[in-house]
Amino acid sequence: MAAGLKTVILLSFVLAVGFLLIILSCALWANWLPLLVALTFVLAPLPNVLFAQCGGADDFSSDSEHSPAVDLGRFITAITVVTGFAFPLVLAHAEVIRTDACVMSIVGGGLVYGTILLYSVAFREDEEF
């Protein structure tokens, strides 16, 4: 997949809309706790990036098998993403934030994480020797 300038512009626009929704969910109701969702979704891909360097094919395994380090990175990423979606729900259930702020925060967080995920897929470099 050849990613060009249009892809970068589209992804940056979607990322800006996601951050806008998260910031608006905080600013409109003067409660800045949903801003932690942005931090959660920005930090979510880090375990995949860090643990992907630990795994790889060796002489005894093929490319279709995954190392335990890569699986651990994916597990930690999944926990972080679920936390990002569940945190606003818990805050809304405890009536710390409003339901409108919860919805805006979840949608904005989904856009942020989806943009980061699509960017990593669009600009993936194939490492072939």
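Treat the numbers as computed from the prediction; the structure is a model and nothing was measured.
Legend: ring-ring contact (aromatic ring centres under 6.0 Å, His included) pairs involving residues 6-31, not counting sequence neighbours: none detected. Under the side-chain hydrogen bond (donor to acceptor under 3.5 Å, both in side chains) criterion, the residue pairs touching residues 97-112 are R98-D100, with sequence neighbours excluded.
To the nearest 0.5 Å, the span separating CG on L43 from CG on L36 amounts to 10.5 Å. Interatomic distance, CD1 of I76 versus OG1 of T83, reported as 11.5 Å (0.5 Å rounding). Taking SG of C102 as the start and CD1 of I106 as the end, the distance is 4.0 Å to the nearest 0.5 Å. Within the model, atoms CG of N31 and CD1 of I97 stand 7.0 Å from one another, a figure rounded to the nearest 0.5 Å. Going from atom CG of L24 over to atom CE of M104 covers 4.5 Å, rounded to the nearest 0.5 Å. Interatomic distance, T40 OG1 to L35 CG, rounded to the nearest 0.5 Å: 10.0 Å.
By the 4.5 Å heavy-atom criterion applied to side chains, P88 and P34 are not counted as neighbours.
L50 is not connected to V70 by any chain of hydrophobic side-chain contacts under 4.5 Å among Ile, Leu, Val, Met, Phe, Trp and Tyr, and they are in different clusters. In the hydrophobic clustering of ILVMFWY residues, with side-chain heavy atoms under 4.5 Å counting as a link, Y119 and V14 come out apart. Both L33 and V112 are members of a single hydrophobic cluster when ILVMFWY side chains are connected at heavy-atom separations under 4.5 Å. V49 and L117 fall into different hydrophobic clusters, where Ile, Leu, Val, Met, Phe, Trp and Tyr are joined by side-chain heavy atoms under 4.5 Å apart, directly or via other members. With hydrophobic clusters built from ILVMFWY side chains whose heavy atoms lie under 4.5 angstrom apart, I23 shares a cluster with I116.
The residue from V37, V103, V107 that alone fulfils the side chain to side chain contact (heavy atoms under 4.5 Å, CB included) condition with L21 is V107. Just one of I9, T7, L15 meets the side chain to side chain contact (heavy atoms under 4.5 Å, CB included) condition when paired with L11; it is T7.
Centroid-to-centroid, the aromatic rings of Y113 and F85 stay 6.0 Å apart or farther.
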Exercise. Checking side chain to side chain contact (heavy atoms under 4.5 Å, CB included) for the pair H93/L89: CA distance, chi angles, key distance, verdict?
Worked result: CA-CA 6 Å; H93 180 71; L89 292 172; over 6 Å; no

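Taking all atoms of both residues into account, the shortest heavy-atom contact from A69 to F51 is O-CB, 3.2 Å. Residue P47 comes nearest to T77 through the heavy atom pair CB-OG1, 3.5 Å, listed as atom of the first residue, atom of the second, then distance. Of all non-hydrogen atoms in G18 and L111, the two that sit nearest each other are CA-CB, 3.9 Å.
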